[in-house]
2 protein chains.
Amino acid sequence: MSTTGSARPLRADARRNRERLLQTADAAFGEHGVEASLEQIARSAGVAIGTLYGHFPSRAALAAALLRERHDELFARGDSLPGERVALDALTEWMRLVAAHAAAYHGLAEFLGRGLEDENSELHADCTRLAGITERLAGQAREAGALGAHVTGADVTAVISAVSWTGEQTSPGQAERLLALAVRGMTTR
Amino acid sequence: MSTTGSARPLRADARRNRERLLQTADAAFGEHGVEASLEQIARSAGVAIGTLYGHFPSRAALAAALLRERHDELFARGDSLPGERVALDALTEWMRLVAAHAAAYHGLAEFLGRGLEDENSELHADCTRLAGITERLAGQAREAGALGAHVTGADVTAVISAVSWTGEQTSPGQAERLLALAVRGMTTR
DNA sequence: ACCTGAACACCGTTCAAGT
DNA sequence: ACCTGAACACCGTTCAAGT
């Protein structure tokens with residue numbers, strides 16, 4: 001089951017435009033964050049603003065396309081993690097992977113958070129799947145007796161989100177310290 | 001030593017405009033967050049946009065004026081907390097107080113974070129003082145042997161900030177759970 | 001001393017008209 | 001099928017001119 005969905009073939013010029021928009025948007029998001037100007041992206045890509053909207057009806061749709069590959073890699077990694085390691089190690093590694101991913105663009109932590117909450121977001125499916133993997137790994141760590149019995153999957157998702165955001169606000173080092181501290185707080189010593 | 005600074009008297013009409021702007025801004029920030037439209041605030045207050053800028057040269061200056069009273073109350077509380085309680089209780093209460101304060105306006109957690117980082121922000125002094133109180137209370141808890149020796153004041157500030165942000169993103173309940181979990185992680189149980 | 005509001009340089013989003 | 005770009009409804013910020 002692919003996450004990508006069936007993309008029926010585009011006309012050659014449309015395909016080129018789509019590709020150029022994605023490249024330009026990646027650079028713009030990287031430099032100015034997920035709220036980078038869409039008009040500027042279209043301009044830099046050498047197309048009219050309407051063309052951008054034609055390909056990506058919303059900022060979330062553009063972000064979803066941009067994150068497609070990275071998310072698929074995360075999903076694959078998250079699905080193979082259980083069994084590979086001791087449950088607590090697997091969970092901690094997962095938390096680090098997602099937090100590192102969220103560091104791709106400034107504002108991404110908040111954006112993904114909205115994607116999880118908003119069922120109509122083009123990012124909702126992706127965010128739900130990320131949260132599902134978190135839930136599964138948390139469950140295993142809990143059953144292994146490594147995680148406190150009261151610690152929910154939502155708690156771990158909140159920690160990952162908060163750690164990601166802290167990385168944007170202060171420094172990756174401070175984010176890592178928060179992660180360590182939070183893991184210690186969820187753990188049955 | 002007052003935090004307020006000496007405000008020399010304004011002309012009567014200017015004083016009225018300033019007051020109206022603050023009232024309107026409080027409502028707008030409460031409804032739309034700290035990034036609420038300044039033009040709309042001026043319009044709702046019945047003054048021209050230039051008048052708003054005349055009184056508050058930046059969004060941070062407006063926010064600082066808006067938060068003045070609440071911050072002074074926080075400072076007073078934070079200064080009297082040591083000695084009132086067991087060190088860890090004092091620190092935990094402080095964390096809750098600041099997080100509850102940050103819930104006043106959506107986006108305030110991030111805004112205060114920037115104010116701490118940016119030395120030129122009109123909020124810098126306030127944020128530094130909040131961080132200073134956190135540092136002091138953390139130090140006391142550490143010396144009392146309640147906090148891990150490796151836990152820094154910056155760690156506690158990061159936790160407060162992350163908890164505040166989580167409250168905005170998800171729910172106050174989830175924020176409280178994150179706070180409890182983080183305190184457990186910082187503590188020498 | 002203070003206020004006004006036009007002016008400038010931007011935005012996001014839609015949609016009729018073109019190819 | 002797809003692209004263009006004008007049109008609309010907004011922004012933040014400055015500053016000459018008024019009172």
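Letters A, B, ... mirror the listed sequences (proteins, then strands); counts begin at 1. For clarity, every value in this text was computed on a predicted model and none was experimentally measured.
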Asker: So which nucleotide from C:dT4, C:dA6, D:dG5 ends up closest to the side chain of B:I49?
Answerer: C:dA6
Asker: Report the distance from atom CG of B:L52 to atom C1' of C:dC3, rounded to the nearest whole Å.
Answerer: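 So the CG-C1' distance, B:L52 to C:dC3, works out to 12 Å.
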Asker: Between C:dG12 atom P and A:H32 atom NE2, what is the distance in whole Å?
Answerer: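 Those two atoms, NE2 and P, are 12 Å apart.
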Asker: Closest approach to the side chain of B:L38, judged atom by atom: which nucleotide of D:dA1, D:dG12, C:dC11 is it?
Answerer: D:dG12
Asker: Quickly work out the A:H55 NE2 to D:dT4 C1' distance and round it to whole Å.
Answerer: 13 Å
Asker: Taking the C1' atom in each of D:dC11 and C:dA7, what is the distance between them to the nearest angstrom?
Answerer: 14 Å
Asker: Tell me, yes or no, whether the heavy-atom count around B:E84 atom CD, taken from other residues, nucleotides or ligands under 6.0 Å, exceeds 12.
Answerer: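 It does: B:E84 CD has more than 12 such atoms within range.
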Asker: Counting side-chain heavy atoms from C-beta on, which of D:dT13, C:dC11, D:dC3 comes nearest to B:E39?
Answerer: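 So the side chain of B:E39 is nearest to D:dT13.
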Asker: Look through every strand shown and name the nucleotide pairing with C:dT14 as Watson-Crick or G-U wobble, where both distances are under 3.5 Å.
Answerer: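 Base partner found: D:dA6.
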Asker: Nearest to the side chain of A:A14 - D:dT13, C:dG12, D:dC2?
Answerer: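 Out of D:dT13, C:dG12, D:dC2, the nucleotide with an atom closest to A:A14's side chain is D:dC2.
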Asker: In whole Å, I'd like the distance from the CG atom of A:N17 to the P atom of D:dC2.
Answerer: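 Those two atoms, CG and P, are 11 Å apart.
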Asker: Using whole Å, what does the distance between atom P of nucleotide C:dC2 and atom CG of B:L21 come to?
Answerer: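 It is 14 Å, rounded to the nearest whole Å.
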Asker: Using a heavy-atom cut-off of under 4.0 Å over every strand shown, decide if B:G50 touches base, sugar-phosphate, or nothing.
Answerer: base
Asker: If the C1' atom of C:dC10 is compared with that of D:dC8, how far apart are they to the nearest Å?
Answerer: 15 Å
Asker: What distance separates B:R96 CZ from B:E176 CD, expressed to the nearest 0.5 Å?
Answerer: 4.5 Å
Asker: Which listed nucleotide (D:dT4, D:dG5, D:dC3) is nearest to the side chain of A:D13?
Answerer: D:dC3
Asker: Take A:R59 and B:V47, find for each the nucleotide of DNA chain C with the closest heavy atom, and name the residue whose nucleotide sits nearer the 5' end.
Answerer: B:V47
Asker: A:R43 side chain: which of C:dC11, D:dA6, D:dT13 is closest?
Answerer: C:dC11
Asker: Without decimals, in angstroms, what is the distance between B:R20 CZ and C:dT4 P?
Answerer: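 Roughly 12 Å, once rounded to whole Å.
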Asker: Assess the residue pair A:D79 and A:R129 against the criterion (salt bridge (charged side-chain N to carboxylate O under 4.0 Å, His left out)); give the C-alpha distance rounded to whole Å, side-chain angles, the decisive distance to 0.1 Å, and a yes or no.
Answerer: CA-CA 10 Å; A:D79 286 340; A:R129 183 141 175 207; 3.2 Å; yes
Asker: Looking only at side chains, do A:Q169 and B:S161 share a donor and an acceptor under 3.5 Å apart?
Answerer: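 The criterion, which ignores hydrogens and geometry beyond distance, is not satisfied for B:S161 and A:Q169.
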Asker: Starting at CZ of B:R11 and ending at C1' of D:dT19, how long is that distance when rounded to a whole Å?
Answerer: 8 Å
Asker: Rounded to the nearest 0.5 Å, what separates atom NE2 in A:H71 from atom CG in A:L123?
Answerer: 6.5 Å
Asker: Using 0.5 Å steps for rounding, measure from the CZ atom of B:R68 to the CG atom of B:D72.
Answerer: 4.0 Å
Asker: Provide the Watson-Crick or G-U wobble partner of C:dA1, both distances under 3.5 Å; none if there is no partner.
Answerer: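 Paired with D:dT19.
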Asker: Distance check: side-chain N/O of A:S37 vs OP1/OP2 of C:dG12, anything under 4.0 Å?
Answerer: yes
Asker: Expressed in angstrom and rounded to an integer, what is the separation of A:Q40 atom CD from C:dC11 atom P?
Answerer: 5 Å
Asker: Touch check for A:R16, heavy atoms < 4.0 angstrom, all strands: base, sugar-phosphate only, or nothing?
Answerer: nothing
Asker: Just checking A:T51: base, sugar-phosphate only, or nothing, at a heavy-atom cut-off of under 4.0 Å?
Answerer: base
